[in-house]
Engineer: 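This structure is in structure tokens; I'll ask about it shortly.
Along the sequence shown, residues are numbered consecutively beginning with 1. Note that this is a predicted model, so its numbers are computed, not measured. Note that ligands are numbered from 1 as they come in the structure, with each ligand's atoms numbered from 1 the same way.
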Amino acid sequence: MKILVINAGSSSLKYQLIDMTTENVIAKGAVERIGIVGSFLKQKVGDKEKVINKDLANHKEAITLVFCALVDKEFGAIQDMKEVDAVGHRVVHSGEDFNKTVLLNAEVMKICKKNIELAPLHMPANIAGIEACLEVMPNTPMGLVFDTAFHASLPKHAYMYGIKYEDYENYKIRKYGFHGTSHKYVSQNAIAYLKLEGKNSKIITCHLGNGSSISAVKNGVCMDTSMGFTPLAGVLMGTRSGDIDPAIIEFLTIKKNFTMQQAINYLNKECGVYGISGVSSDFRDLFTAMKEGNKRAKLALEMFAYQIKKYIGAYVAAMNGIDCLVFTAGIGENDDYIRSLVCKDMECFGIDIDLEENKMRKNSIRELNKPNSKTKVLIVPTNEELAIARETKALLQ
Ligand code: ADP
């Protein structure tokens, strides 16, 4: 069985074709600058890499180019798109309508369109990707895998905000959480690796990438998560502010003469570790700058680690304990400095990592904790594409 995974963003579209018998990636690629001058596709099949420069006005043209690249006689991976048994789409928001992966049909599409208002930056692109695929391969089953679905299990006292109850009822203003596919994948891998019984485990997962979120997973089920109504909430991130006092927004509109939209754009794109350091949103650049004596870069890294620590503390309290702390995604998997800051002075939670092991580079699941540390600390590489393909396969079976 071959499954094509599509992750459509506003101006980019990433894809992977996965052989589900072996779980090997047959082909992977990305189309960038869709709708902008200079669009191009980059595809990798085995060791062969191919770049196609072609102006692409929209997602349909991008998908059509992806299909051409996949079946190309010279640099493609398959002979015919009929070899693709199913497509798995990453969809950012399920609203309160879906708590798991669903098979696409007209009713599901209608609900996705209704939910555009919950994620106006992401949902239109996700839907454009789905519609483009539907036009080109109308008879191929498609699974929709939602970033929010794993968090559908949050208890009401965790997902409600302290606003008027009627505004939750009327407008569905509540915490949804994001990165759910990754939190689910790494928590399940941690449970399997540590041979913890899924039904009796307390895990905190730290997905630390350009966007970062922390989740509390008790007995295999998500109990709380740091992102909120939108992915702007939680810890500060590359360019996002994370949690702030909401009254700051009005203050910003006065002091900086911002419209509301400009204020939100500022909090999404100009803040976080980038805004604090004035250097970069990339943690490698921040570490280099700190080593060169840049105090604001050092502060940004310390703030990031401190905020993660506070979520860990909160989630230990929420679950009444912790068996395992998991680090994943670009920073979580690669940044030993951040991991060491987060785990420093956390003996009260039984967290005690081996600093030498923490510095090692390996691309597989592994333990960072000292042998007698009460709490396990793991690096679990995430693989959202494989998770989406597995969910889609399970749906078909
Ligand atoms: P996305 O949210 O876009 O999927 P990733 O999970 O790929 O992001 O994480 C990207 C971030 O990971 C980069 O911004 C960078 O800060 C960080 N990163 C990647 N490699 C390293 C590394 N070797 N050391 C420190 N940080 C890294």
Side-chain angles (χ1 to χ4, degrees), residues 5-16 28-32 42 90-92 119 121-122 125-126 145 147-148 177-186 189 205-215 225-227 230-242 268-292 294 297-298 300-305 307-308 326-343 358-364 366 368 379-388:
V5 176
I6 302 276
N7 180 357
S10 55
S11 67
S12 73
L13 188 151
K14 293 185 205 145
Y15 63 98
Q16 280 193 15
K28 66 191 277 190
V31 187
E32 288 185 36
K42 197 180 206 178
R90 179 181 187 185
V91 182
V92 162
L121 295 180
H122 296 95
N126 295 166
V145 184
D147 269 22
T148 45
F178 299 88
H179 293 140
T181 310
S182 177
H183 287 290
K184 181 177 178 184
Y185 179 83
V186 299
N189 276 7
T205 47
C206 304
H207 176 108
L208 312 178
N210 280 321
S212 295
S213 63
I214 326 295
S215 289
T225 190
S226 61
M227 282 180 168
T230 74
L232 181 54
V235 295
L236 86 164
M237 309 173 213
T239 60
R240 290 175 231 165
S241 64
N268 267 303
K269 304 217 170 115
E270 294 179 43
C271 296
V273 292
Y274 168 70
I276 294 292
S277 67
V279 172
S280 170
S281 63
D282 191 304
F283 279 62
R284 289 162 286 200
D285 300 338
L286 294 176
F287 187 75
T288 306
M290 179 187 73
K291 285 281 152 206
E292 286 163 357
N294 187 315
K298 183 168 183 280
L301 294 169
E302 285 169 354
M303 285 173 68
F304 184 69
Q307 295 191 8
I308 295 167
V326 173
F327 288 102
T328 194
I331 300 160
E333 291 168 37
N334 298 302
D335 195 327
D336 58 276
Y337 180 66
I338 287 296
R339 288 194 304 258
S340 70
L341 282 187
V342 170
C343 294
N358 181 44
K359 283 208 175 100
M360 303 280 195
R361 284 283 162 104
K362 294 174 201 159
N363 196 17
S364 58
R366 66 195 174 95
L368 302 181
I379 295 179
V380 183
T382 194
N383 189 338
E384 286 166 290
E385 289 77 13
L386 179 58
I388 291 170

Engineer: Regarding atom 15 (C) of ligand 1: of the candidates D336, D282, N7, which has the closest heavy atom?
Structural biologist: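 Minimum heavy-atom distance to atom 15 (C) of ligand 1 goes to D282.
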
Engineer: Of all the non-hydrogen atoms in the protein, which one sits nearest to atom 23 (N) of ligand 1, and at what distance?
Structural biologist: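 Ranking protein heavy atoms by distance from atom 23 (N) of ligand 1, first comes N334 CB, 3.4 Å.
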
Engineer: Give the residue and atom name of whichever protein heavy atom lies nearest to atom 20 (N) of ligand 1, and the separation in Å to one decimal.
Structural biologist: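 The closest heavy atom on the protein side is R284 NH1, 3.4 Å.
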
Engineer: For the side chain to side chain contact (heavy atoms under 4.5 Å, CB included) test, which of V342, N334, D336 pairs with I338?
Structural biologist: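 Among V342, N334, D336, the one that satisfies the side chain to side chain contact (heavy atoms under 4.5 Å, CB included) with I338 is V342.
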
Engineer: Could you tell me if any non-hydrogen atom of G238 lies under 4.0 Å from any atom of ligand 1?
Structural biologist: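 Distance cut 4.0 Å: G238 fails for ligand 1.
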
Engineer: Is there any N or O on G209 that sits under 3.5 Å from an N or O of ligand 1?
Structural biologist: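 Not met; the criterion fails.
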
Engineer: As a quick check of understanding, evaluate side-chain contact (heavy atoms from CB on, under 4.5 Å) for L386 and Y185, giving each step before the final call.
Structural biologist: CA-CA 9 Å; L386 179 58; Y185 179 83; 3.9 Å; yes

Engineer: Can you find a non-hydrogen atom of M237 under 4.0 Å from ligand 1?
Structural biologist: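 So M237 does not count as touching ligand 1.
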
Engineer: Tell me, which protein residue and heavy-atom name are nearest atom 17 (C) of ligand 1, and how many Å apart are they?
Structural biologist: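 Answer for atom 17 (C) of ligand 1: I331 CG1, 3.5 Å.
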
Engineer: Of the protein's non-hydrogen atoms, which lies at the shortest distance from atom 5 (P) of ligand 1, and what is that distance?
Structural biologist: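 Nearest protein contact, heavy atoms only, for atom 5 (P) of ligand 1 is G330 N, 3.7 Å.
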
Engineer: Go through M303 and L236 one step at a time and tell me if the side-chain contact (heavy atoms from CB on, under 4.5 Å) criterion holds.
Structural biologist: CA-CA 8 Å; M303 285 173 68; L236 86 164; 4.0 Å; yes

Engineer: Classify the angle between the aromatic ring planes of H207 and H183 as parallel (below 30°), tilted (30 to 60°) or perpendicular (above 60°).
Structural biologist: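 Because their plane-to-plane angle lies in the 30° to 60° range, the rings of H207 and H183 count as tilted.
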
Engineer: With a heavy-atom distance limit of 4.0 Å, tell me whether E384 approaches ligand 1 through its side chain, its backbone, both, or neither.
Structural biologist: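 Near ligand 1, E384 shows nothing, with every heavy atom at 4.0 Å or more.
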
Engineer: Would you mind checking which non-hydrogen protein atom is closest to atom 14 (O) of ligand 1, with the distance to 0.1 Å?
Structural biologist: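 The closest one turns out to be N210 OD1, 2.9 Å.
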
Engineer: Do F283 and ligand 1 have an N or O pair less than 3.5 Å apart?
Structural biologist: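 F283 vs ligand 1: N/O contact under 3.5 Å present.
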
Engineer: Right, does atom 8 (O) of ligand 1 have protein non-hydrogen atoms nearer than 4.0 Å?
Structural biologist: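 Yes, there is a protein heavy atom closer to it than 4.0 Å.
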
Engineer: Is R90 reaching over with its side chain to a backbone N or O of N126, donor-acceptor style, under 3.5 angstrom?
Structural biologist: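 Side chain of R90 to backbone of N126, a donor-acceptor pair under 3.5 Å: no, none is there.
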
Engineer: Hey, are T239 and E270 close enough side-chain-wise for a donor-acceptor pair under 3.5 Å?
Structural biologist: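 Looking only at side-chain atoms, T239 and E270 do not form any donor-acceptor pair under 3.5 Å.
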
Engineer: Spell out, as yes or no, whether a donor-acceptor pair under 3.5 Å connects the side chain of E32 to the backbone of K42.
Structural biologist: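 No; judged by distance alone, with no hydrogens or angles, the pair does not exist.
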
Engineer: Using modelled atom types only, decide if a donor and an acceptor are shared between the side chain of S182 and the backbone of E384 within a distance under 3.5 Å.
Structural biologist: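 No, because the side chain of S182 does not come within donor-acceptor range (under 3.5 Å) of the backbone of E384.
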
